[in-house]
Structure formats: C-alpha cells, structure tokens
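Keep in mind that this is a model prediction, so the values were computed, not measured. Reckoned from all heavy atoms, side chains included, excluding hydrogens, waters and symmetry mates. Chain naming here is simple, since letters A, B, ... match the order of the sequence lines and numbering starts at 1 in each.
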Amino acid sequence: MSTRLSTGGRLIDRSRQLTFTFNGKSFKGVEGDTLASALLANSQTIMGRSFKYHRPRGVMTSGAEEPNALMGLGKGAKFEPNQRATTTELFDGLTAESQNHWPSLDWDIGEVNAALSRFLPAGFYYKTFIHPRPFWKHVFEPVIRQSAGLGKVPKERDADRYEHFYAHVDVVIAGGGIAGLQSALEAGRAGARVLLCEQTPHFGGRAPVDGVSIDGKPAEDWVAATLSELEGMDNVHIRPRTMVAGVYDHGYVIAYERVADHTPEADAPRHRLWRIRTKQVISATGALERPLSFPGNDKPGVMLASAMRDYIVNWGVSAGDRTVVVTNNDDAYRTAIAIKQAGLDVPCIVDARPEANGALPDQARALGIEVKTGMGIAGVKGLRGVVAVKLCRQAGEGAVVEEVVCDAVAMSGGWSPVVHLWSHCGGKLNWDEAGAFFRPDHARPPTSHDGAGFVTCVGSSDGALYAAEVLPNTSAATRGMLGQIGKTAADAPVVQADAPDEAPLAPIWMMPQGAGPKKRAKMWLDFQNDVKVSDVQLAAREGYESVEHTKRYTTLGMATDQGKLSNINGLAILAGELNAAIPQVGTTTFRPPYTPISMGAIAGEARGDVFQPLRRTPMQDWHEANGAHWEPVGQWRRPYCFPRDGESHRQAVNREITATRNSLGLLDASTLGKIIVKGPDAGRFMDMLYTNMMSTLKPGKCRYGLMCSENGFLMDDGVVARLDEDTFLCHTTTGGTESIHAHMEDWLQCEWWDWKVYTANVTEQWAQVAVVGPNARKVLQKLGGDIDLSKDALPFMAWAEGKLGAFDARVFRISFSGELSFEVAVPASQGRALWEALLDAGAEFDATPYGTEALHVMRAEKGFIMIGDETDGTVIPQDLGLDWAISKKKDDFLGKRGQQRSHMTDPARWKLVGLETLDGSVLPDGSYAMAEGENANGQGNTQGRVTSTYYSPTLDKGIAMGLVLNGPDRMGEVLEFNTTGDRTVKARIVSPVFYDPEGEKQNV
Amino acid sequence: MLLLECPYCGVKADETELTPGGEAHLKRFGPGSTDEAFEEYLFLRPNPKGVHFERWRHAHGCGKWFLAARDTATLEVFGTYTAQTTEPPEHIIDAIRAKRPDWSQA
C-alpha cells in the first residue's frame, strides 16, 4: 500500500495540513501536495477506471502525461471534469470525484466489459453495430451511451472568470528545468526580451530529483541561484504554472496560465491565456518516460519508475513497501536507489538487458539490491493492486521462472523527448537508433515568415537526455538562436552538470519478446482507452498499415493524454507487425494544445455582454425604457415590437401595423446603411455598382437600386439619393452595410484605382426615423421649419434638406410600407430629441412606434422584397420580377456578364409570386411546393418554395411570397405545400402585391 | 496565424486583422467576353503548392487592400505590395527568385 513516509518531500510543508474530499470522503494532505500525492499518502491507490473496460486504475505518472487519475473537481458552477490529479495542486477544501464508474469506484458494473474483453477487440464497434440497421438506434446506441463518455459535463454556468493577455517578445522559453533556466540565462544576458514559462509551480525539472550536481553543488542550489539572477533582469519575465500550449505560424504562441486553480477564493481570473508573438521559441520541454509492455502493466500499483521516484523525493510518499523495478535502461536504477534510501524494500531489479554494469547498477548492488538481468515480467498477480510479479526470461515466451512477492512495480521503457512544440508548426523528426526515440531534425525546422527556423529544442527535448549533455547542448543551441535575432551571447563559461554515466538502453517493445496472444492481450499501450498490444497487431493484420488509420481504428493515442505516454510503444508494435522500421511507420501528427486547456481560457472575457460589441442607435435608451422586444440584426439590436401590458408579441405587431396604416407610425431606421460615394467619377462608379442607371439621377431625387455580385446574384438593395453633382448617398440593408462598403472599396482600390471616387460609411453619423402613415405629413408640418413638405414641392422619391423645427434634417420621401412616408435623417446627436419631438407632435394622431416585424409585414403586403428572405445568394433580380431595375442601356455593370450565362437566362428558373392559402391560414416558413414524381435520391420533386410568410392584419389573412417554377405565368393555379408533419397546405398563386396595387396611398 | 505587413500603414498585422481576398492579378472579363474567359476569371484558380500572389484587406486597420507574395506550403512571405498594379513589381519577383531559384511565373 502507498503511504506517507516519515521524512522527506522537498516540495511539501508538513506543518501545514490541508483537508480535502475524494468521493465524499474526507482526507488530509499537506501544503505542496498534488491531489495524486495526497491520495497516495492516504493509501488511495485506485483513482479511476479505464474508458472501455472500466478496469480499476491507479496513478501512472506524476505529471501532465497522466492517463488514469482523471477527476471531476469542484462543485456546481465550479465543477470541471477530466482534471489530472497529478497536476492538481492541493488546497484546503478541494473536492474531487473519480470518474467512469458505476455504482462505485471500488465495485463497478462495467467491469463486466473487461471479462468480455476478448470479445471487444479493436474495431469491435465498427464491425458489430452495422447490421441490422434498426438495432443501432434502438438497442446498441442507448446501451453504449449509458456507459460511454469521459467525465460529466458541468451543469451550471461557469462561475469563474478568465482573461487574455497579449505579449510581444524576442524569445519564449517553454520549460523551467535546468535547460530552460540555462537558456533563459543565455538569452537574458544577451539582452533579449525573454518570457520563461514553466507548467508546474516549481523550477528545476527532474534534475533535483535525479541527484544531478551542477557546478559541484546540488542542482537545487544552482536552480535557486539562476532563478534569482533571472529575476533581477528587467528583460526576463518568469511565469510558473504556465504551459506553452501551442506554436503557430509566424511565431504566434499560446500559453496557458493557471492563475488561481490552487487558490480558488482569490480575487483573480482562474486561467489566463497568453497570446504571444515571438521571434523565437525555445523548447526546453524535457522528455517523458515510457511504460513497458508486459502482461498486467495497467494494474494499480504499477507506475512509471520516474513517477515513483518523484513521489518519494518531492512529496515523501511511497507507492508500496516492496517494489520490483523493471527496466531496459540505467535511469530506473535511480528509483530503486531512492526507494532503498527511503528505508523500503526492493526485492529485485528486473533488467531486460543481458547485462547491467554501469555506475547506477553498481550503486544499486552496493545497496544490496539484487539485479536480475535478461529477465522480464510474465504477469502481475492481484486484482485491485499488486500482490506479486511472475518473472520470466525476456528472450523467451514467458515461462515463469519465479514469483516475487511485492506490492508495487516501477517500470521504465526509456525516455522520449517532448518534441510537440517543434512539431506543431511542421518541424520534422529523425529516429535515434541508439536512444530509441524521435528527436528534432535540425535541418528541417518549422519555418517562419522569413523562411528561417523559429523553434529550437534544447536539452532533453533535443534528445540530450543525460545530465552532462544538457547544459552544453542548451548553451550552444541558445547562442545559435541568439545570432539569428541579432543578439550576441555574453561571454560566460558554461557550467558543468554531473551525474553518473549511463549505459545505453535496449529497445524493448514487448516483454517477454516471444509472448503469445493471451499475454499480448494483457499488455496495455493506451491506458485510458484500453488499447493493448493485441489490438494494434490486429489492426495491422486487418490492413491498417498507416499509423493514422491504426490510431483511429484502435483509438491508440486518442485519449486525453494524446499518446504522450505510449505512442512510441504503439508505433514500435505496429512497425514490428508490418516488418517495417519505426521511422518508416512514422508518428501521428502532434497538434496543439500540449495538454487540454479550459474552454473558459479560450473564451477569455468574450462572454455575456462583451461576447461581441453591441451597436446602439441614439434612440436605443428610449426603446429600452419603453419595453422593446429585441431582435438582433448584425451587431445591432432592433426593436421587434413594443408590446404593451398584457399584449402578446403578435398582438403588438398587429396593433402597430393597423395604427400605421390608419394614422401614424414611427420607425427607428437609424441602423439602415448610409454610404457616401463622392468624386468626379462617382456617377460612373455608381453605374458599375448598381444594375440600373444612377448617373442620370438628378440632385434632389431618389432612386431604388439593386447591387449584384460579379456572379450576377442579388447582394443588396436600397434607395440612392443624389446629394449634389459629385455626391451620392447609398442606403443599404442594415446587415449588409459593412460588406457592401468593403465591396465598393475592393473595386475602387483593386480594379478602378484611377477613378476619382471616395467612399465613406456614415451610418452611425445619422439618426433616421421613418414617419409613416396618412398623417405623416401633418406631424412633420407641425414641427415647422423651412422645408416645403407639400406634395408638389417634395414629391414621391424626392428629398430635401433644411430645418425641421429646430432640427438639421434631410427629409427623404421614400416608402417601404406603401403609405405616405418620410424618412427624416438628423445628425446622430439630435436623434433622441427628434424621436421624442415626433412622439409629442404625433400624440394627437396616436403616433405609434413600430418594430422590425411590422416593417416586414407591411413590406410583404406591398410585395417588396427583402434581402435575405427573397434572396439567398442564388437569386438574380430577374427571378424577382425586377427586370425594370436592370438597365439595358449600360454596356457594363457588376453582374451583367454573370446574368448572361445560360443557367441565369434559363426560362425554367423559379420566379417570384404571391401565395394565398385557400383557408386563409399562414403558410409555414420554408415550405416547398410539391411536384409530381421523385428525384434520383427518392425524394419528392418540388416546384417552388416560400420565401416570406406572414399574417396580414390589414387583410386579415395569411399572405406569402415564394419562388415558383414559371410562377408569373400560372396565376390562379393552386399548389400543395408541405409542412413538417404529414399535413399539406393548398395555396393559390397570386400577384405578390397584396395591398394598394396602384400605389395610391404612398403618392398623396 | 500569419503576420503580414500592410504596405500602406506599415502595421505588421495579425491574420485576425485581415480579410482574405483570394488570388491577385486577375484580369476582369465583362460583357462581350466568351464563356470560357468569363469562367476562368470568375471560378478557375490554380491553388499552387508554393509561390502564390494573393489579396488581403487590412479590414480592421487602415481598410486598404494589398497584395502578398507567399509560399502556400511553408508560409514564407516574400513581400507585400500595394494593390494598384496588374502584375507583381520587380522587387517582389527578385525576392522570390532569391529564395526560389527554380520558380517561374506562370
């Protein structure tokens, strides 16, 4: 059993006790513990269950690569699933729950999957659940859903806050081990702006645990001295608890700082996302130990050798009383020595190599530890823990030579450099035969905007795994990098790091090497996803030769650790099965982030009210105070209607329409796009932009116009007013303003750059109110001023400028409702006052503010099209009966050539008509008009669709517009429209102009 | 995330400040052109692996369109230049040739 030792633990403060709960049970830990070390100290060796077989699992590692000890942390609005116990700092009051078990961690019903494991091989789901088809929906899926899924989704809105932080530096250094510190020292002394990020709270990495000495002193002393020198440099910034998550194009780097995970009550953002531009990245990310593939290597109590050493040295926690160490290298001997020095037993070291005669094995033997060379593990006894291991010859098939009683196993299959940051942006790797790992190929680095490499791996991350190599490698590489950014390294000697020499490892991918199928089915590669040696071999036999295919078929490396632990083991097994060399099989792609980062950090401050900016009209406060029901339109928020007490939205809309048609309505039209086109060539440019002739428009007049893309499709519409000989004011749709302005600029800057024209988007400089209804003129005349608003002086489609009461106004006599209508534009600062003046003056006419829905219904009653309803990017003006707005005189305009293509001139295009249901009901939005027969996919044919559909209070019936095959030639015909149910609705084809077809009302 | 220098305002702009505009130096074909010429102008793009001339707008900056010569595979940027030209300027061609001696303009 694991327990807390009476002494030791360089990172803990035993005098400060902390209380936490795990699965509802209260435990004690100490300051400096991780959740994993505290659970081990409380003899809680089972920390989770695997994903597929629900096998009991203990902690495997002491760091970011942990596959097993995943927890749900916190409660309610602070709950977060899938957090690694190994990287969770303990704090007083922490609550954790284990995952993937039912009903309890100790007794799980899903374990039955494990008993059936030989019936659940790789690809089982793909193979089994294809037939019979209905079984998937009704039988398999509900059962699988019940047991699948990793962790629980938080149910409440996240109570924490998060932030983004921007930084521009010369060098980002990822990793605060001795390589990262040395690199920071070199870069800092050379005057570079350095950001040094370390993912844990502690600097120094493995060196202090591994007994490395630097400059003749313990590594810890050098780390402390170096940190203090770096802290004294203004150009060096040091961030603990900050992981460099990803390296992207042109020196863009994302780092993830866990600011307050360990102090949840602090007044601070929980996580901070650093968005960095850097000239260079130093990857000092170290290396990760690999497991060995022997039968039973997943049982609780089997742990990486380095992790076991970490728990003893860093946290004063032992994994067991009697630990067997199994290895293919010298490094694991350090663990045996650390265990022995902690006063615990190591019955033997099982070394797969034929001999072990280096300094570390000698030291182990001198401590009285028996070293069994050429041996392997044939099996691990015990159900929920380790009871004994069975030893065999590594060279054989697993015949048991002896059984060794023990309660923990430390395994080491060698080390893999962490090359993620090198690889994120395309850095290539070479296979290192001697070390049996992939290392960066310096000739093929990830390249930046200038074509030069911008990531440098140093120390273990570069494959310099031995302590003595790390500092010289780091200094040389960092100095080379400094030269690239024009900095000169300070002339300081490189200090020397010392550790016992190590003999080479033996590449052992399977233990024993001749293991049969039964044993191979118990050798785990991917612990979280339950992928075993047998699964990868099966995938290879079934033809999955590509490593990327094997990954997806077996789910190897698809767990939350993303293959950090044992992808290399899996590749080696695949290579063995394919009789190929490992570098030929290659690796899967390394993708950011290095470890999962929180969704909160990605969102940062962009949530709630600041998710996106809100554009406000000058009248917005009035709308808010008067109960507007809002509709988002682009980044605006427009009143949909103004419901009064006890009124439904529909009732409010009907009232607004009736009041407008009978007397007076007011619409805040400020959001309407207003773009100025000005210059000697403005008329020429307008003729290219619009389908109709704009250059002939007289100052003082307005004209409705259409804009098409070069493809011929209708993009936008609106009324153009000519302000003077040189100047046009283009009204655009609310949502289209910015894209239309960009469209104009594109043609002006990139095609007709010699034309003398400027454009300006002045939408927000003006407030605009549509004054609509039979009493519209009266209310404006009441305001007074010097503009003659009479029918003769200001006829339909004219505009005038002057004083309207005290306001500086432009009055446009245009109508989108069919009523007598004036759009009054005033400088934005006068908007609210104008709105209130109109309400006051209009009180005697029951002036009624109306919203976008009333606007929509009134325009539909008049058969006016709406961009986005009648158009969808595939509709040309000719489809909408707008041929009258397309000039035949102009040689060219944007879209003219496009509209001449055969498909656009096809007489069988669907065209705009009005639709009236026979029973007066409102047609469902998006309905299709059904036609005879079926298409090639067995779907019913269609002959048209509904584009707008409303209840018209004016006509007291449903009205709709739609695009119908040969529609204008089929007036009076009755079509059948589908609904989401079995019901169909019959509607008659009619003119799209339902109300005042002669246009008499707007022309008074 | 690309970093491109706007040749108008001199800002080294993050990709998020820019909007892309596809291939540069297209010749417009309008009314009177053949179906083939119009199709080529409107739809057909070479999508090369390697040197590419493309349009970008400094949309969240000065609002100007500019052109960039870039390697689509390595993302190396050979230069950016103003949009008022029908072909890449000499210094851009030289910069590409210096880095890609085998490159020839299609």
Side-chain angles (χ1 to χ4, degrees), chain A residues 166 168 246-254 275-279 425-426 444-454 688 709-713 738-739 741-755 759-761 888 890-903, chain B residues 1-5 8 12-16 19 21-39 41-43 54-60 62-80 82-86 95-96 98-100:
Chain A
Y166 294 80
H168 291 80
V247 173
Y248 304 84
D249 308 332
H250 294 185
Y252 188 65
V253 172
I254 293 284
R275 307 177 67 170
I276 307 160
R277 279 283 182 188
T278 185
K279 290 176 184 160
C425 232
R444 295 179 295 165
T447 55
S448 193
H449 64 284
D450 54 2
F454 73 105
M688 288 303 292
S709 65
E710 190 72 311
N711 237 319
F713 298 123
E738 278 66 39
S739 62
H741 186 230
H743 167 74
M744 292 180 179
E745 282 296 319
D746 189 353
W747 288 99
L748 275 182
Q749 293 180 33
C750 303
E751 187 71 21
W752 303 309
W753 62 77
D754 51 338
W755 294 12
T759 70
N761 179 359
K888 299 199 171 47
K890 291 194 290 184
D891 291 338
D892 194 4
F893 58 81
L894 293 175
K896 183 177 170 93
R897 177 64 183 86
Q899 287 164 6
Q900 292 167 346
R901 287 174 292 164
S902 58
H903 182 62
Chain B
M1 183 159 68
L2 299 181
L3 196 63
L4 295 174
E5 185 170 319
Y8 291 95
K12 283 184 181 153
D14 271 351
E15 199 172 329
T16 48
T19 50
E23 192 183 330
H25 305 305
L26 295 178
K27 177 175 163 25
R28 180 168 183 260
F29 285 85
S33 58
T34 63
D35 281 352
E36 290 70 30
F38 188 67
E39 181 194 23
Y41 155 60
L42 207 54
F43 300 116
E54 57 198 17
R55 291 154 27 89
W56 291 88
R57 185 178 186 224
H58 195 188
H60 298 287
C62 68
K64 290 290 190 185
W65 281 96
F66 64 89
L67 307 181
R70 192 172 67 93
D71 187 310
T72 56
T74 67
L75 310 189
E76 182 170 359
V77 179
F78 305 108
T80 56
T82 58
Q84 290 76 48
T85 174
T86 53
I96 297 168
K99 294 288 189 71
R100 303 281 187 280

Notebook entry, point to check: Based on non-hydrogen pairs under 4.5 Å, which of A:Gly426, A:Ala742, A:Gly895 is most in contact with chain B?
Noted result: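 Heavy-atom pair counts peak at A:Ala742.
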
Between [X] and chain A, with a heavy-atom cut-off of 4.5 Å, which part of the residue counts as in contact: side chain, backbone, both or neither?
X	answer
B:Phe66	neither
B:Thr19	neither
B:Tyr41	side chain
B:Arg55	side chain

Closest approach of [X] and [Y], non-hydrogen atoms and distance?
X	Y	result
A:Trp753	B:Thr85	CH2-N, 3.6 Å
B:Trp65	A:Cys750	CB-SG, 3.5 Å
A:Arg277	B:Leu2	NH2-O, 3.0 Å
A:Asp891	B:Pro31	O-CG, 3.2 Å
A:Glu710	B:Phe29	OE2-O, 4.4 Å
B:Lys99	A:Asp450	NZ-O, 3.0 Å

Note to self: Using a strict threshold of under 4.0 Å (side-chain N to carboxylate O), is an ion pair present between A:Glu745 and B:Arg57?
What the structure shows: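 Salt bridge between B:Arg57 and A:Glu745, a charged N being under 4.0 Å from a carboxylate O: no.
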
Checklist line | Electrostatic pair A:Arg275-B:Asp14, nearest N-O below 4.0 angstrom | finding: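 Result for this pair is no, no salt bridge flagged.
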
Note to self: I need the residue from B:Leu42, B:Thr86, B:Leu26, B:Thr82 with the largest number of non-hydrogen atom pairs under 4.5 Å to chain A.
What the structure shows: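 The option with the most such pairs is B:Leu42.
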
Next item on the list: List the steps, then state whether side chain to side chain donor-acceptor pair (under 3.5 Å) holds for A:Tyr252 with B:Glu15.
Entry: CA-CA 11 Å; A:Tyr252 188 65; B:Glu15 199 172 329; over 6 Å; no

Next item on the list: Please round to the nearest 0.5 Å and tell me the distance separating atom NE2 of A:His449 and atom CG of B:Asp71.
Entry: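 Between atom NE2 of A:His449 and atom CG of B:Asp71 there are 14.0 Å.
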
Item checked: Heavy-atom donor-acceptor pair, A:Arg897 side chain to B:Phe38 backbone, under 3.5 Å ->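 Answer holds: no.
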
Checklist line | B:Gln84 backbone acceptor or donor facing A:Gln749 side chain under 3.5 Å | finding: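 No: the side chain of A:Gln749 does not pair with the backbone of B:Gln84.
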
Next item on the list: Would you check if A:Arg901 and B:Glu39 make a side-chain contact, meaning some heavy-atom pair closer than 4.5 Å?
Entry: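 The answer is no; the side chains never approach within 4.5 Å.
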
Check: How about A:Thr447 and B:Glu76: do any of their side-chain heavy atoms sit closer than 4.5 Å?
Finding: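 No, every pair of side-chain atoms sits at 4.5 Å or beyond.
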
Notebook entry, point to check: Where does A:Ala452 contact chain B at under 4.5 Å (heavy atoms): side chain, backbone, both or neither?
Noted result: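 For A:Ala452, no heavy atom lies under 4.5 Å from chain B.
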
Checklist line | Check against side chain to side chain contact (heavy atoms under 4.5 Å, CB included), B:Arg28 and A:Leu894 | finding: CA-CA 11 Å; B:Arg28 180 168 183 260; A:Leu894 293 175; 3.8 Å; yes

Margin query: Among residues at least two apart in sequence or on other chains, which ones pass side-chain contact (heavy atoms from CB on, under 4.5 Å) with A:Ser709?
Written below: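 A:Ser709 satisfies side-chain contact (heavy atoms from CB on, under 4.5 Å) with A:Asn711, A:Phe713, A:Met715 once adjacent residues are dropped.
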
